[in-house]
Number of protein chains: 2
Amino acid sequence: MPDPMYRRIAEDLRQKIESGELGHGTQLPTELELREQYEASRNTVRDAVKWLISRGLVETRPGQGTFVVEMTDPFVTFLSVPETGGLEGVSYASEVTALGRKPTITPPRVEIQLATGAVAGALRLSEGATVVSRHQQRFIDDTPWSLQTTFYPMRFVEAGAVRLIQAADIGEGVVKYFTTALGIKQIGYSDKILVRSPDPNETVFFKLPDDGRVAVVEVLRTGYDENGDPIRVTATAYPADRNQFVFNVGHVPEEIAGPTGGQATPANGAPSKGG
Amino acid sequence: MPDPMYRRIAEDLRQKIESGELGHGTQLPTELELREQYEASRNTVRDAVKWLISRGLVETRPGQGTFVVEMTDPFVTFLSVPETGGLEGVSYASEVTALGRKPTITPPRVEIQLATGAVAGALRLSEGATVVSRHQQRFIDDTPWSLQTTFYPMRFVEAGAVRLIQAADIGEGVVKYFTTALGIKQIGYSDKILVRSPDPNETVFFKLPDDGRVAVVEVLRTGYDENGDPIRVTATAYPADRNQFVFNVGHVPEEIAGPTGGQATPANGAPSKGG
DNA sequence: CCGTATTTGTTCGTATGTATT
DNA sequence: CAATACATACGAACAAATACG
């Protein structure tokens, strides 16, 4: 018996789940039943269930039981632009409706702030410089989907882009608005993607389990003008368990758009025999 | 008392960690000391510590104690190609050495397999068609960094690209080899990024904690030729806690290369006042 | 190398609270 | 209201890993 008992119980249940013997949504035996099946104490079977929870394989519902998690089909976000059409022409709304879902965006919450570390660095401002932040919550089919905050240097407002500090959506997009209002063109952007644990706000908004099991993907997009100067930085947070991201480079056939369904790992594992 | 006790203990410790009162690498009070400080039982303070572990804030070392985790500075992978230069000209090795680290790649493990769901779909082959897989383990400074498997349709081998089925690295890159050997040019690729929990192989190779807390980022890259036909699909898995990914679109200034250090969320949270 | 103290890991028992049916 | 099922909390004992003399 190399492994502790709660691990052996957990591996046994895991095998039953992954083999399909316990399908999505089905209820596991109750703690009392597991205790009898494995001849362990209730605390020990609870440790096994906790291990499964930390893998995202099951969830517990007080008063009901323990259930194999249902897989929601992931939403795919395109972070690159189609070859045809201007830079970043597609908006959030068009991305989503194209897939037959109903997008919602809250009106922006606008704040005037002092730039801190990461934002100041990305915008090449000194710490403490004034920036405008515009924060929006985005939903798909009434499900919370992402939290987005964009930071702009205050000089753009002073130069006449006053709609930045109005709490109303800029329908045509800020990129186009900058072109018409200021003559500033965004000719490129850089996306940095990282995965981290959610902060308390994100946990509440996305209704994530409060054990921090589900990570968030943060996409940091910095836009540049013709002089190579950064004109804005956008931080968007997505729950990692319901999102995928696609980048196309060069020429890619059209059909590679919709969700392709199965995303199981194509055997990145051990060799068929030996190691 | 709204929250359970173990949560209040955990939040208190969390606050001490995030405020810097408990710096990286420092030891937390022992379970016995915590039990005295918070007047709770050992099991309760252990539940609090488990909550911190699941957030990746601390780690326990049997026989030693509980410690605030050390942050390793993340490695940045560029998934887009520089504007100058051919499609996908940069190789893994040059990406890494440019940042002053020593890359290592194992010789490929070559297998002949039957295409399954995801791979068959991406390569537009029928299920059960023959494919060649080439699997490599990649290290940086002797730290396991990624697991990569590329799948090619067998027809390329039959057409003369015999080096695909040799267990030796293809120094100039498979993309270039395809051009010289077969006259096939990759004119674009599509990257799909997703986050999932590690499988047992990845847990061992990356030395991840066996509680599945650290996710892996999987990058699925499908390459296309001039006819829009897929010529290969590469699946690369990275531990989510040590990696970031950068995509550049359009024109982006040169300096946006090195690790920019701080990756704290730039305030995607609640408003300064109210909700 | 050995033995001891310290610290976390595992397992059991028990009691009580809370959510759902 | 009662029954069921999971959540929290306490106490206890022994095992395993580590550090130190």
Side-chain angles (χ1 to χ4, degrees), chain A residues 1-14 17 22 25-70 203 207-213, chain B residues 1-14 17 22 25-70 203 207-213:
Chain A
M1 269 81 84
D3 282 346
M5 190 188 304
Y6 80 93
R7 275 289 248 120
R8 294 205 306 276
I9 297 173
E11 293 290 0
D12 188 62
L13 291 170
R14 175 191 183 143
I17 292 169
L22 292 167
T26 61
Q27 183 173 4
L28 267 68
T30 66
E31 291 175 351
L32 184 62
E33 290 167 331
L34 289 174
R35 183 183 130 161
E36 290 164 359
Q37 288 180 26
Y38 293 100
E39 292 179 334
S41 78
R42 193 186 155 218
N43 281 332
T44 300
V45 302
R46 273 179 66 76
D47 281 345
V49 171
K50 278 181 196 164
W51 191 87
L52 295 171
I53 290 175
S54 79
R55 302 302 175 87
L57 291 173
V58 305
E59 63 185 352
T60 53
R61 303 206 271 270
Q64 298 184 48
T66 306
F67 300 84
V68 182
V69 293
E70 302 266 17
T203 302
K207 299 185 179 63
L208 299 179
D210 73 343
D211 61 0
R213 181 179 74 254
Chain B
M1 273 81 84
D3 281 345
M5 189 187 303
Y6 79 94
R7 277 290 248 116
R8 295 205 304 275
I9 297 172
E11 293 289 1
D12 188 60
L13 290 170
R14 176 193 182 139
I17 292 169
L22 293 168
T26 61
Q27 183 173 4
L28 267 67
T30 67
E31 291 172 352
L32 186 63
E33 291 167 329
L34 289 173
R35 183 183 130 163
E36 290 164 357
Q37 288 181 26
Y38 294 100
E39 292 180 335
S41 77
R42 187 183 162 217
N43 281 331
T44 300
V45 301
R46 274 179 65 79
D47 280 345
V49 171
K50 279 180 196 164
W51 191 87
L52 295 172
I53 290 174
S54 79
R55 302 303 177 86
L57 292 173
V58 304
E59 64 186 351
T60 54
R61 304 208 270 272
Q64 298 188 51
T66 306
F67 300 83
V68 181
V69 294
E70 302 266 17
T203 301
K207 300 185 178 63
L208 300 178
D210 73 343
D211 61 359
R213 180 180 77 252

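We name chains A, B, ... by the order of the sequence lines, and we start the count at 1 in each one. Note that the structure is a prediction, hence the values are computed from the model and not measured.
- Atom CZ of B:Arg35 is separated from atom P of C:dT7 by 13 Å (rounded to the nearest Å).
- Considering only residues two or more places apart in sequence or on other chains, A:Arg7 meets the salt bridge (Lys or Arg N to Asp or Glu O under 4.0 Å) condition with A:Glu11, B:Asp210.
- The heavy-atom pair separating B:Leu52 from B:Ala10 by the smallest distance is CD2-O, 3.6 Å.
- A sub-4.0 Å separation between OP1 or OP2 of D:dA9 and a side-chain N or O of B:Thr44 is absent.
- The phosphate of D:dC6 (OP1 or OP2) has no side-chain N or O of A:Thr60 nearer than 4.0 angstrom.
- We find that CG of B:Asn43 is positioned 13 Å from P of C:dT8, with the value rounded to whole Å.
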Worksheet entry | Sequence-aligned protein contact record of nucleotides 15-21 of chain C, with B where the base is within under 4.0 Å of a protein heavy atom and S where only the sugar-phosphate is | B---BSS

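- Partners of B:Arg55 by salt bridge (Lys or Arg N to Asp or Glu O under 4.0 Å), not counting sequence neighbours: none found.
- A straight line from CG of B:Asp47 to P of D:dC10 spans 10 Å, rounded to a whole angstrom.
- Candidate nucleotides D:dC6, C:dT8, D:dC10 were compared by shortest atom distance to the side chain of A:Glu31, and D:dC6 ranks first.
- Taking side-chain N and O atoms only, A:Thr66 has no distance below 4.0 Å to OP1 or OP2 of D:dA5.
- The two residues B:Met5 and B:Ala40 come nearest to each other via the heavy atoms SD-CB, 3.5 Å.
- The 5' end of DNA chain C is approached more closely, in terms of each residue's nearest nucleotide, by B:Leu32 than by the other of A:Ser41 and B:Leu32.
- Pairing each heavy atom of A:Val58 with each of A:Val49, the nearest pair is CG2-O, 4.2 Å.
- The CD atom of B:Glu39 sits 21 Å away from the P atom of D:dT8 (whole-angstrom rounding).
- Under a 3.5 Å cut-off, the side chain of A:Glu33 and the backbone N or O of A:Thr30 do form a donor-acceptor pair.
- A straight line from CH2 of B:Trp51 to P of D:dA9 spans 14 Å, rounded to a whole angstrom.
- Side-chain nitrogen and oxygen atoms of B:Arg46 include at least one within less than 4.0 Å of the OP1 or OP2 phosphate oxygen of C:dG9.
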